[in-house]
Amino acid sequence: MAHMDGVAAQQEMLERQVIAAAEIVEQELDNEIAKADNMDEDDLEVIRRKRLAQLKKAKEQKEKWAAKGHGIMNEFNTPQEFFQACKANERCVVHFYRDATDRCRIMDQHLTKIAAKHFETLFAKVHAEKVEGLAEQFNIIMLPTVMLIEGGKTHHSIIGFDEFGGTDKFPTSRVAEVLGENGMINLDGMLSADSGL
């Protein structure tokens, strides 16, 4: 009986704390609403100017990335192209492929769609048999292999389709999700990762 009274007392105390926390959050929300209601034209103009500056900065950043080959699926034809691009770009997603491999075509389709939306990362592919020595240098023995390179260093490789469910039929959104989990793209918007926007 005494144990039940103690549990009931704890339950009642917990309920009071939850109610108190809810009241604090409600008061903060009311304060924000009041602040928004009391904005005048000058306050709104300041907000407009800040947003326009953010949009201008975002446009300039996107143009810089596009000039470096972002926004499309590039192809590296020499080891030198590969290494230069990986040094010149903060993030690179590089697909090692072979024409005769169906799964490589599937991966290429997904990555091409993602590249068009995520200018914050350079996307490229390397023909594993035609670009001599590169696949061997990275011990790539299974295709497709997608190397995730950040700051000039490989931090993860996606080998085959296991990370996408182990099947040939998976949505592009699943590939984007895996790239996002590994810090290669920003799923909240391409500019958030680098520009603080």
Side-chain angles (χ1 to χ4, degrees), residues 57-168 170-197:
K57 185 177 177 182
K59 182 179 183 266
E60 290 170 357
Q61 180 62 60
K62 185 176 179 181
E63 288 171 354
K64 285 179 188 176
W65 282 329
K68 292 173 72 175
H70 294 229
I72 61 171
M73 177 61 86
N74 298 275
E75 182 150 12
F76 300 142
N77 295 305
T78 67
Q80 293 78 13
E81 287 177 358
F82 170 83
F83 289 113
Q84 286 172 355
C86 292
K87 286 180 185 173
N89 293 281
E90 180 59 29
R91 286 172 301 283
C92 299
V93 173
V94 182
H95 173 211
F96 283 80
Y97 77 100
R98 182 175 52 220
D99 290 325
T101 305
D102 288 338
R103 283 187 159 195
C104 289
R105 282 192 289 280
I106 293 168
M107 181 58 69
D108 191 60
Q109 290 171 354
H110 289 301
L111 293 176
T112 299
K113 289 177 187 175
I114 295 168
K117 294 179 181 177
H118 288 277
F119 280 71
E120 73 271 25
T121 300
L122 180 74
F123 285 81
K125 59 186 177 180
V126 173
H127 194 294
E129 294 172 338
K130 291 182 181 175
V131 180
E132 288 190 33
L134 200 54
E136 292 81 10
Q137 184 173 350
F138 293 107
N139 296 317
I140 294 173
I141 56 174
M142 182 177 172
L143 299 176
T145 290
V146 179
M147 287 179 57
L148 308 182
I149 303 161
E150 188 167 19
K153 299 185 187 307
T154 302
H155 79 88
H156 182 62
S157 290
I158 301 169
I159 302 167
F161 287 174
D162 287 347
E163 293 187 50
F164 310 119
T167 177
D168 290 3
F170 53 89
T172 300
S173 61
R174 178 63 189 138
V175 180
E177 187 177 290
V178 170
L179 294 176
E181 289 167 357
N182 283 283
M184 291 292 102
I185 62 172
N186 189 325
L187 296 173
D188 295 329
M190 69 177 167
L191 294 162
S192 302
D194 291 323
S195 65
L197 297 177

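By convention here, the first residue in the shown sequence is residue 1.
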Under 30°, 30 to 60°, or over 60°: which ring-plane class applies to Phe82 and Phe76, parallel, tilted or perpendicular? perpendicular
Check each of Asn74, Asn77, Val131 against Val126 using the side-chain contact (heavy atoms from CB on, under 4.5 Å) test, and report the only one that passes. Val131
So, the side chain of [X] versus the backbone of [Y]: is there a donor-acceptor pair under 3.5 Å, distance only?
{"X": "Arg98", "Y": "Glu129", "answer": "no"}
{"X": "Lys68", "Y": "Ala88", "answer": "yes"}
{"X": "Asn182", "Y": "His156", "answer": "no"}

Determine whether [X] and [Y] make a side-chain contact, defined as any pair of heavy atoms from C-beta on separated by less than 4.5 Å.
{"X": "His118", "Y": "Asn186", "result": "no"}
{"X": "Leu134", "Y": "Phe83", "result": "yes"}
{"X": "Ile158", "Y": "Val175", "result": "no"}
{"X": "Thr154", "Y": "Val94", "result": "no"}
{"X": "Arg91", "Y": "His155", "result": "no"}
{"X": "Lys62", "Y": "Lys59", "result": "no"}

Heavy atoms of other groups near Glu132 CD, more than 12 under 6.0 Å: no
Distance-minimising heavy-atom pair for [X] and [Y]:
{"X": "Phe96", "Y": "Cys104", "value": "O-SG, 4.3 Å"}
{"X": "Leu187", "Y": "Ala176", "value": "CD2-O, 3.6 Å"}
{"X": "Cys86", "Y": "Cys92", "value": "CA-SG, 3.8 Å"}
{"X": "Arg174", "Y": "Glu163", "value": "NH2-O, 2.9 Å"}

Interatomic spacing from [atom1] in [X] to [atom2] in [Y] - rounded to 0.5 Å:
{"X": "Gln109", "Y": "Leu111", "atom1": "CD", "atom2": "CG", "answer": "10.5 Å"}
{"X": "Lys113", "Y": "Phe123", "atom1": "NZ", "atom2": "CZ", "answer": "13.5 Å"}
{"X": "Leu122", "Y": "Trp65", "atom1": "CG", "atom2": "CH2", "answer": "12.0 Å"}
{"X": "Arg103", "Y": "Asp108", "atom1": "CZ", "atom2": "CG", "answer": "15.5 Å"}
{"X": "Met107", "Y": "Thr101", "atom1": "CE", "atom2": "OG1", "answer": "12.0 Å"}

After noting the C-alpha distance and the side-chain angles of His110 and Phe170, does the key distance pass the ring pair (Phe, Tyr, Trp, His ring centres under 6.0 Å) rule? CA-CA 9 Å; His110 289 301; Phe170 53 89; 4.7 Å; yes
Show your reasoning for whether side chain to side chain contact (heavy atoms under 4.5 Å, CB included) applies to Asp168 and Asp102. CA-CA 9 Å; Asp168 290 3; Asp102 288 338; 5.8 Å; no
Distance-only check: which donor-acceptor pairs under 3.5 Å involve side-chain atoms of residues 136-150, not counting sequence neighbours?
unit_1, atom_1, unit_2, atom_2, d
Glu136, OE1, Gly133, N, 3.2
Thr145, OG1, Met142, O, 2.4

Those residues at least two apart in sequence (or on a different chain) that pass ring-ring contact (aromatic ring centres under 6.0 Å, His included) with Tyr97 are His95, His127
Under a 4.0 Å threshold between the charged nitrogen and the carboxylate oxygen, would Glu60 count as salt-bridged to Lys57? no
